[in-house]
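Letters A, B, ... mirror the listed sequences (proteins, then strands); counts begin at 1.
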Protein chains: 2
Amino acid sequence: MTSTERHATGRPATLHDVARLAGVSIATASKALNGRKHVSATTRAEVLEAAALLAYSPNTLARGLVAGRTGMVGLLTSDLEGRLSIPILMGAEDAFGADRTSVLLCDARGDAIREGHHLRTLLSRRVDGLIVVGARPDPRPSIGRDLPVPVVYAYAPSADPDDLSLVSDNVTAGRMAIEHLTGLGRRTIAHITGDPTYGAAQDRAKGALAELAARGLPLAGDRVHFGAWTEAWGRSATRTLLAQHVAIDAVFAGSDQIARGVIDALHEEGLEVPRDVAVIGFDNWEIFATSSRPPLSSIDMNLETLGRVAAERLAAAFDGALGSGVEQIPCRLVPRESTVAA
Amino acid sequence: MTSTERHATGRPATLHDVARLAGVSIATASKALNGRKHVSATTRAEVLEAAALLAYSPNTLARGLVAGRTGMVGLLTSDLEGRLSIPILMGAEDAFGADRTSVLLCDARGDAIREGHHLRTLLSRRVDGLIVVGARPDPRPSIGRDLPVPVVYAYAPSADPDDLSLVSDNVTAGRMAIEHLTGLGRRTIAHITGDPTYGAAQDRAKGALAELAARGLPLAGDRVHFGAWTEAWGRSATRTLLAQHVAIDAVFAGSDQIARGVIDALHEEGLEVPRDVAVIGFDNWEIFATSSRPPLSSIDMNLETLGRVAAERLAAAFDGALGSGVEQIPCRLVPRESTVAA
DNA sequence: TTGTATGCGTTATCAC
DNA sequence: GTGATAACGCATACAA
């Protein structure tokens, strides 16, 4: 076998080939293969046999040309690591049914020019819809008002309220964290989180504060400790708190990385987790949460669900109605050892 | 604006519309838009203006139907996190040119059934080629010998030597790590790595041992410490070494996670990195390498390059020739503070 | 029940 | 230089 013969060179069989082999017209062959009425059982069997013999696989492009639908959706992301877009993609695949709809993934790498470029090629490929995934959970510019296809924004909402956006319910997630910690009997809880310019950081803090207030509890350290989404910040903020002799029996961290820094610093000060201080993170980034000592309780943003709902909204839009505004997707708490009862 | 009007309902403009508006035939319009010869400058300008006016965007499907090429490649992955497939995807996008070729990403989630399913839909969409990305760097079953399109395996090679596979050059990478550490003056180097059933683990160890032998140096601890790809293993292996009073001034870790465990254990024993012990990891997983204390030197597998080469091989195959066998892609060493000179 | 003919949007081959 | 016209592969309304 020479290198040129690696893949079969002959064009794939067409409906025409099948029809000819079965001795019928392409119209009949088409009906038979698509399970339409008005075909005798015997001819149907013959057509099916011919198709099997030729390893016939219908050309989805040609089908899309006549149907006016390609069965493809574009996933336009700016998420360099795929940490967001892959779960969202999988959720969307599940909802669509992988055989009916395929996903074209394009990474704009945070570049508006490249995004516009990808948008144009996706539209020229006549995708049936678009899912736009932002890199950070804050409003981003709308990709355009009068696009020929429905668009759903996931994770990062569109700045245009007429667009439909799907975001994580960070406020409720903040409440959940506090609810969980107080359920363990903890009463002096600190909140160490990331960059205050992130709406998500503000929302999580807002939810946490509201839940603390509802329970008549103060926030340990008297204020939310905003900083950066890094282990280093988690460590330094924790050390600051301990140096000030703030009594804490739990920390709600704004991300799993911050949580790891918090745990590190606690250990260095001779405090044990969760016995002395319970710690909960955010994101449920498996690789961090499970390799932490002890394994880290965390809040999962249900990104697969986000992708699934995005797909459902798009599917509904194909039949006419696309909503607008921002839809909140609930998070879920994943308990691990860092917050077991003392 | 009601919800149904969110996206423009009218079908996108066709070549026919442009031709009619410009007052020419569709043949002329086609030539003008595609920059072909035999079109007067004035009519070309008129056509271009009409196209701009109608926001005309050529239907890539129809174009592909006649051209016999879709300009799409399938990326079939089993990599649940996207840590492999996203860099590979980006490399492929770069090599193809994002406007000429789009990538259909399908995640088989390690399920052979689902993989076959995705394969069929990709073929029915008439992708021009296929890139298959495995979850672990060991031979995997070929996806099929007589596919109608060229296939390139990336990261995980195909078990069939007639297929073309692209893998990281782990042997040389192992040599590089030792070369780097000895260049720092380190002479008692241990190798703590992951699951011994991984060919990559064996290859890296092989390279490291060869390089040590070439320099007349022994392996600290007398043997390669195989275990698991986890921080926990990095910690426990390190503790074992220290408990045996093995003198070490450097550790080559088989992954960044293992390296973090190693560093943790060293710190707990009062040893400083890199002053007392230099540590280098593998994978260059940014989030781990940069958040480590100190930042972790590591070996990058150049996954973007792998994707780029995969795209180049596919492109060559479109014009006839696809090679076979396993092609080694070189890794590169990324130095950070964990291995600065003492 | 089956076959004929038309159109989906483009490109390319030819006449003019 | 320009414009009919035939593919490309498929689905379907309509005629037989």
Side-chain angles (χ1 to χ4, degrees), chain A residues 10-48 50-51 54-72 100 121 123-128 148-149, chain B residues 10-48 50-51 54-72 100 121 123-128 148-149:
Chain A
R11 311 167 327 321
T14 75
L15 187 57
H16 191 88
D17 301 328
V18 176
R20 193 155 45 84
L21 180 59
V24 298
S25 73
I26 64 167
T28 306
S30 175
K31 292 175 203 160
L33 289 169
N34 292 326
R36 317 302 298 254
K37 287 282 181 192
H38 308 300
V39 180
S40 81
T42 57
T43 46
R44 178 173 314 244
E46 290 169 352
V47 170
L48 257 44
L54 296 173
Y56 172 71
S57 152
N59 185 326
T60 309
L61 265 75
R63 184 177 286 183
L65 234 199
V66 39
R69 268 198 201 181
T70 59
M72 300 190 297
R100 328 194 63 53
T121 70
L123 291 179
S124 101
R125 288 194 184 285
R126 297 296 187 270
V127 292
D128 296 330
V149 296
Chain B
R11 313 169 324 325
T14 76
L15 189 57
H16 191 90
D17 301 327
V18 175
R20 193 156 44 84
L21 180 58
V24 298
S25 73
I26 62 168
T28 307
S30 176
K31 291 176 205 160
L33 289 170
N34 292 326
R36 317 302 298 257
K37 288 282 181 192
H38 308 301
V39 180
S40 80
T42 57
T43 45
R44 175 170 316 236
E46 288 170 355
V47 170
L48 256 45
L54 296 173
Y56 171 72
S57 151
N59 184 327
T60 309
L61 266 74
R63 185 177 286 184
L65 192 56
V66 41
R69 268 197 200 180
T70 58
M72 301 190 298
R100 329 194 63 53
T121 70
L123 291 179
S124 102
R125 289 193 184 285
R126 297 296 188 270
V127 292
D128 297 329
V149 296

>> Heavy atoms within less than 4.0 Å of DNA chain C: which residues of residues 12-22 of chain B have one? Give them sorted by number.
In response: B/T14, B/L15
Quick one: [X] [atom1] to [N] [atom2], roughly how many Å, whole number?
X	N	atom1	atom2	result
B/R63	C/dC8	CZ	P	19 Å
A/K31	D/dC10	NZ	P	16 Å
A/R69	D/dT12	CZ	P	13 Å
B/L65	D/dA11	CG	P	12 Å
B/I26	D/dG1	CD1	C1'	17 Å
B/H38	D/dA4	NE2	C1'	17 Å
B/R36	C/dT11	CZ	P	9 Å

>> Apply side-chain contact (heavy atoms from CB on, under 4.5 Å) to residues B/R63 and B/N34 and explain how you reach the verdict.
In response: CA-CA 12 Å; B/R63 185 177 286 184; B/N34 292 326; 3.7 Å; yes
> Does B/V24 or A/N59 map to a spot on DNA chain D nearer the 5' end, using the closest nucleotide for each?
Replying inline: B/V24
> Mapping B/A41 and B/R126 to their closest nucleotides on DNA chain D, which lands nearer the 5' end?
Replying inline: B/A41
>> As a quick check of understanding, evaluate side-chain contact (heavy atoms from CB on, under 4.5 Å) for A/R125 and A/T70, giving each step before the final call.
In response: CA-CA 8 Å; A/R125 288 194 184 285; A/T70 59; over 6 Å; no
>> Any donor-acceptor pair under 3.5 Å linking the side-chain atoms of B/S124 with those of A/T60?
In response: yes
Please report the interatomic distance [atom1]([X]) to [atom2]([Y]), rounded to the nearest 0.5 Å.
X	Y	atom1	atom2	value
A/T28	A/E46	OG1	CD	11.0 Å
A/R11	A/N59	CZ	CG	12.0 Å
A/L61	A/L65	CG	CG	7.5 Å

>> Just to verify, what does A/R36 make a salt bridge (Lys or Arg N to Asp or Glu O under 4.0 Å) with, not counting sequence neighbours?
In response: none
> Which nucleotide sits closest to the side chain of B/N34: D/dC10, C/dT10, C/dT11?
Replying inline: C/dT11
>> If you only use heavy atoms from C-beta on, which nucleotide in C/dT2, D/dT12, D/dC10 is closest to the side chain of A/Y56?
In response: D/dC10
> Quick one: the side chain of B/K37 and the base of D/dG1, do they pair up donor-acceptor inside 3.5 Å?
Replying inline: no
Distance test, side-chain N/O of [X] to OP1/OP2 of [N], below 4.0 Å:
X	N	result
B/S30	C/dA12	no
B/T43	D/dT2	yes
A/S25	C/dT4	no

> What stems involve DNA chain D, if each pair must be Watson-Crick or G-U and both of its distances must be under 3.5 Å, with 3 or more such pairs in a row?
Replying inline: C:3-16 with D:1-14
>> Under 4.0 Å, heavy atoms only, any strand: does A/V39 hit a base, just the sugar-phosphate, or nothing?
In response: sugar-phosphate
Taking all non-hydrogen atoms of both residues into account, name the closest pair between [X] and [Y] and its distance.
X	Y	answer
B/T14	B/Y56	C-CE1, 3.5 Å
B/V39	B/R44	CB-NH2, 3.4 Å
B/G71	B/D128	N-OD2, 2.7 Å

